Amino acid sequence: MSELALLEIDGTVATLSLNRPDKRNALSLELLDALHEKTGLLAQMPEVHCCRVVGTGNSFCAGMDLKAALDTPGAPGRLLSSIAELTIKFRNLPQVTVARVQGAAIGGGCGLVAVCDIAVTHRSCKMGYPEVDLGVCPAVVAPWLVRSIGAGRARRVLLSGGVMDGAEAYRLGLVAHLTEDGALDGAVDEIVGRLGDAGGVALRETKRLLNDLDGEDIAARVREGAVISAEVVDGPEARARLAEVYG
Amino acid sequence: MIRVEVHDSIARIVLDRPAKRNALTPEMLDALTAAVRAQDADASVRCLLLCADGPTFCAGFDLKAAAGDTDILRAQLESLSAAVRTLRRFRTPVVCAAQGGAIAGGCALLGSADLVVADRKAKIGYPVVAIGLSPAVSAPTLEMTIEDSLTRARLLDPGLITGERAHEKGLVTHLVDHPDDVLACAQELAEMLAGKPPHAVARTKAWLNTLDRTNDDEPFARALGVSLATVGTDENRSKLASLWGDKG
């Protein structure tokens with residue numbers, strides 16, 4: 001079986017891939033473990049300036065793999081806690097993270113997008129946080145999304161659920177760059193090229209300052225979010241709704 | 001002056017004083033707060049729709065009523081602050097349908113909603129510094145909702161912006177072309193929200209309220225204090241007098 005997460009280094013530019021294309025890179029515990037491991041390695045590479053974050057195949061990431069977790073007691077909680085810790089680890093990477101968002105970034109997948117420094121998508125991409133539609137609470141992503149697009153917009157997006165297209169995500173500020181369909185890779189290459197050539201220390205110190213401005217308690221809020229989210233997933237409303245969705 | 005209509009788990013709270021462009025009196029604001037509280041206590045309500053009769057959502061405080069009596073102005077501010085907090089803390093999502101204009105106190109109500117529908121040309125802003133009054137009472141919800149630069153521009157400059165501009169900056173979340181279409185759009189959003197799993201939605205809203213300190217009274221009380229301190233000053237009295245002086 002091929003590795004669930006891949007890390008490639010090319011000079012000052014890294015590429016971290018979610019590599020579970022047959023499941024649209026849905027975040028299972030195993031995939032999350034692999035991402036934790038690769039992120040840990042990347043954190044020890046100060047010579048690398050930036051990291052492309054990509055999903056193999058047609059979709060960036062379909063979200064949490066709840067289906068597999070629902071039958072095992074405690075598994076949703078472990079999954080949520082792992083996602084929460086991964087977002088914190090991602091945020092604290094010394095490298096500038098650039099999400100290449102193609103096809104779809106849903107739920108937890110879109111949470112990864114919110115925590116990256118720069119996100120790029122294409123016009124017809126499907127993005128969003130449909131958690132409430134499934135009876136689930138997007139509490140882990142909420143602190144990141146509030147920070148990323150502001151509390152007012154985060155309120156509207158998280159309470160309304162559903163998905164939006166790339167153009168709407170760009171208008172909301174969830175992604176920094178929007179391309180036409182088919183032009184995504186070129187745009188991402190251009191951005192990581194600029195970052196790769198820029199001053200590594202300047203990038204790292206600037207990111208460190210911006211992370212300080214996230215506030216001291218953001219990691220605590222994200223962890224608290226994982227607990228809230230796990231409680232909601234375990235409740236009767238979510239169980240009934242998810243059973244309906246997953247048949 | 002406040003009407004409540006509940007249909008299919010959506011509670012409509014209607015500002016019902018169209019002849020006065022729904023200008024707010026202390027009694028009207030207290031009735032609004034009481035109505036919101038009553039709906040909050042009803043577990044079958046899944047969405048609150050705040051709307052108004054007539055061409056204008058709300059022109060702000062009824063200044064004519066307050067012209068000779070600054071106690072009324074104080075009561076308006078206190079009642080407004082209570083209404084804003086109560087709306088903001090509502091258990092389920094609040095949708096505001098703001099056709100035509102949401103001015104001063106009316107804009108404070110708009111700022112307390114989760115989703116806001118307005119028409120492209122709606123007039124939006126807080127022009128009360130023109131009468132020597134501080135709109136600080138609206139600062140906490142604005143700071144929670146939009147970027148600081150827009151908050152500063154709106155609270156310090158008595159000029160108004162259009163619904164279109166407010167939409168660009170996120171104060172209005174859904175824009176329609178014509179004032180007549182605002183309520184239908186808001187009703188559609190309310191139905192969409194009311195159709196979602198209620199526990200997940202309420203839990204998400206409670207978490208967002210925790211994250212932005214909505215449940216913390218201190219910022220609201222402090223902001224109210226700043227507004228109250230400007231009531232009855234010489235400049236406030238003279239500007240109010242000149243506003244109404246030639247009309248007796």
Side-chain angles (χ1 to χ4, degrees), chain A residues 107 129-162 164 168 171-174 214-215 217-218 220-222 224-245, chain B residues 46-48 87-88 90-96 110-117 140-151 166-175 186 188-214:
Chain A
Y129 306 94
E131 279 89 336
V132 291
D133 298 296
L134 301 172
V136 178
C137 176
V140 173
V141 73
W144 298 121
L145 194 67
V146 165
R147 180 78 179 124
S148 164
I149 65 172
R153 287 180 169 132
R155 206 167 258 278
R156 172 243 166 129
V157 167
L158 296 182
L159 290 174
S160 303
M164 61 186 120
E168 175 72 359
R171 203 184 65 74
L172 284 171
L174 180 56
D214 283 341
D217 66 347
I218 195 159
R221 291 301 203 186
V222 169
E224 199 181 333
V227 174
I228 292 171
S229 204
E231 270 169 29
V232 175
V233 171
D234 215 23
E237 179 183 88
R239 294 213 157 252
R241 188 60 65 117
L242 289 167
E244 220 173 275
V245 171
Chain B
R46 294 188 179 186
C47 185
L48 190 150
L87 280 164
R88 190 78 182 179
F90 197 74
R91 182 176 43 80
T92 69
V94 175
V95 181
C96 175
L110 172 154
S112 65
D114 299 302
L115 272 64
V116 177
V117 186
T141 44
L142 279 186
E143 287 285 353
M144 289 167 191
T145 306
I146 55 176
E147 61 208 57
D148 182 61
S149 62
L150 184 64
T151 300
H167 180 247
E168 282 168 13
K169 304 302 280 183
L171 184 56
V172 166
T173 58
H174 296 77
L175 192 68
E188 203 175 298
L189 290 170
E191 286 169 15
M192 179 270 286
L193 291 163
K196 293 185 186 289
H199 179 64
V201 171
R203 199 67 190 85
T204 301
K205 175 149 178 185
W207 180 232
L208 290 165
N209 282 356
T210 301
L211 290 176
D212 68 12
R213 295 181 68 202
T214 284

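Numbered from 1 within each chain, the chains take letters A, B, ... in sequence-line order. Predicted model only: the values in this text are computed from it and were never measured.
For chain A, the nearby parts of B:L208 are the backbone and the side chain; heavy atoms of each come within less than 4.5 Å. In this structure, chain B has a heavy atom under 4.5 Å from the side chain of A:R241, while its backbone stays farther away. Of the atoms belonging to B:T141, not a single heavy atom falls under 4.5 Å from chain A. Proximity to chain A (any heavy atom under 4.5 Å) is restricted, for B:D212, to the side chain, taken from C-beta onward. In this structure, chain B has no heavy atom under 4.5 Å from any part of A:A238. Heavy-atom distances place the side chain of A:V146, and not its backbone, under 4.5 Å from chain B. For a residue to count as touching a neighbouring chain, one of its non-hydrogen atoms must lie under 4.5 Å from one of that chain's; by this rule B:E143 does not touch chain A.
Put simply, the side chain of A:Y129 reaches to within 4.5 Å of the side chain of A:L174, judged on heavy atoms. A:V245 is not listed as a side-chain neighbour of A:D133, based on a closest heavy-atom distance of 4.5 Å or more. Contact of the B:V201 side chain with the B:P93 side chain is registered, since non-hydrogen atoms from C-beta on lie closer than 4.5 Å. You'll find the side chain of B:V95 stays beyond 4.5 Å of the side chain of B:H174, heavy atoms only. When side chains are defined from C-beta on, B:K205 does not count as touching B:R91, because their heavy atoms never get closer than 4.5 Å.
For B:E188, the CD atom counts as loosely surrounded, since its 6.0 Å shell holds 12 or fewer non-hydrogen atoms of other residues, nucleotides or ligands.
Between chain B and the residues A:V232, A:L134, A:V233, the most heavy-atom pairs under 4.5 angstrom are made by A:V232. With chain B as the partner, the residue from A:S229, A:G135, A:G150 showing the most heavy-atom pairs under 4.5 Å is A:G135. Among B:P197, B:G170, B:A200, the residue making the largest number of heavy-atom pairs under 4.5 Å with chain A is B:P197.
Using modelled atom types and a 3.5 Å distance limit, the side chains of B:N209 and A:R155 yield a donor-acceptor pair.
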